[in-house]
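Positions are given from 1 along the sequence. All ligand and atom numbering here is 1-based and tracks the order in the structure.
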Amino acid sequence: MLSSMCTEPHPAARRAAERFLATNPGDPASYPAVADLETQAIEYLGEIAGLETPDGYVASGGTEANIQAVRAARNLARDGTSADGESVNVVAPESAHFSFHKAAGLLDVELRLVPTEDGKADLTAVEAAVDEGTALVVGIAGTTEYGRVDPIGELAELARSVGARTHIDAAWGGFLLPFSDHEWTFADAPIDSMTIDPHKVGRAAIPAGGFLVRDRALLDALAVETPYLESASQASLTGTRSGAGVASTVAACEALWPAGYRENYERARANAEWLAGELSERGFPVVEPELPIVAADLPQDLFETLREAGWRISRTGRGELRVVCMPHVTRGTLGRFLADLDSYR
Ligand code: 0PR
């Protein structure tokens, strides 16, 4: 499995998920144990993301967290309309995950996609795209296709210059970036919200997404009253939620933060660099990995043959082979993949 951003849960995360399978953090008054675990989960995620007083919740995944970021910014921006009465807009690099398209469609917000350079948001284009109606500027810390990290500080400054908020999508990158020298956290830049998914590199069980906010007002902007529950309001998008995702997040973080995640990062980085070198030596043009995703130009028929042989591989929008070096992807697996590739070319 070389195409997935999910991986085997850590054994402790698997056990915790099973134990909390029938609990619902959406009803904290009835399920107080899992509600306490959610507080712990958000503390872990906050620590990883440099958020001093962590607030947020464990979402169903990156899609929900991104939708909520757009929704909160829209709700707080001029009551959902720009100064001239037009609906608000969100500015994001074209590398943004398709969940932002879902968000824009659901929320009746204009999504302004700006070009990228070497896979990263082009700041001149962002500057040209933002205006008085911009509610949110999105930066990606680990893009889905190439693992690129946008210039987060500069994006946040541009957002500020027009009174917009900044959301960082670190759904995939969030458990890798603490060990690289990128600037991406709440401590590095004036960002307002973040997506960071335990069910990807965090090795929690699916479904476990992370939505973090610097200011409680963003969560309040999402809350609805819940008259027949003991708790008075609910900020999550889904109602009943998975206690398994919450409990397994805490178990995975207890087991792996920070040493285990650091080891994973180092191994993944070494594997990605090794694979990129091997593919390049064979004459396939490679996109240099920044975070551990390798993209390379392979002939179409070779790609198809490898898929038919059972390799789970995917392609970028431009058609390159894309290999995500997740925790389950070992040097041995990559060696066997290359051996197959050699035998078919
Ligand atoms: N943000 C980023 C940067 C992502 O890469 C993804 C998912 C999301 C948000 C959305 O997260 P959820 O899918 O948790 O809602 N990126 C992968 C993708 O859509 C997810 C994936 C996972 C793909 C497992 C394949 C797979 O087998 O391509």
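Residue Glu117 places its CD atom among 12 or fewer non-hydrogen atoms of other residues, nucleotides or ligands, all under 6.0 Å distant. Heavy atoms of other residues, nucleotides or ligands lying less than 6.0 angstrom from CD of Glu94 number more than 12. The local environment of CZ in Arg19 is sparse, with at most 12 non-hydrogen atoms from other residues, nucleotides or ligands closer than 6.0 Å. Counting heavy atoms of neighbouring residues, nucleotides and ligands inside a 6.0 Å radius, atom CD of Glu127 does not exceed 12 of them.
Listed by number with element, the atoms of ligand 1 under 4.0 angstrom from any heavy atom of His199 are 14 (O). Numbered from 1 in the order shown, with element, the atoms of ligand 1 that lie under 4.0 Å from a heavy atom of Thr63 read 10 (C), 11 (O), 12 (P), 15 (O). Heavy-atom contacts of Ala171 reach the following atoms of ligand 1: 1 (N), 2 (C), 9 (C) (cutoff under 4.0 Å). Ligand 1 places these atoms under 4.0 Å from at least one heavy atom of Asp197: 11 (O), 14 (O). Each of the following atoms of ligand 1 lies closer than 4.0 Å to a heavy atom of Gly142: 3 (C). In summary, the atoms of ligand 1 found under 4.0 Å from a heavy atom of Phe98, numbered by their order in the structure, are 19 (O).
Here NE2 of His10 is found 10.5 Å from CD of Glu254. Values are rounded to the nearest 0.5 Å. Rounding to the nearest 0.5 Å places CG of Asp122 at 10.5 Å from CG of Asp150. Between atom OH of residue Tyr146 and atom OG of residue Ser95 there is a gap of 10.5 Å, rounded to the nearest 0.5 Å.
Taking 4.0 Å as the cut-off, Cys6 counts as a neighbour of ligand 1 on heavy-atom distance. Taking 4.0 Å as the cut-off, Lys200 counts as a neighbour of ligand 1 on heavy-atom distance.
With distances taken over non-hydrogen atoms, the option nearest atom 16 (N) of ligand 1 out of Met1, Lys102, Met5 is Met5. By heavy-atom distance, the residue among Asn66, Thr144, Thr7 lying nearest atom 5 (O) of ligand 1 is Thr144.
For atom 10 (C) of ligand 1, the closest non-hydrogen atom on the protein side is His97 CE1, 3.3 Å. The nearest protein atom to atom 1 (N) of ligand 1, hydrogens excluded, is given as Asp169 OD2, 2.6 Å; this is a heavy-atom distance. For atom 26 (C) of ligand 1, the nearest protein heavy atom (residue, atom name, distance) is Ser4 OG, 3.2 Å.
Two rings, from Trp257 and Tyr44, have their centers 6.0 Å or more apart.
In terms of polar-atom proximity, Gly62 is counted as a contact of ligand 1, with an N or O under 3.5 Å from an N or O of the ligand.
In terms of heavy-atom proximity, Thr166 sits nearest to Ala156 at OG1-CA, 3.4 Å.
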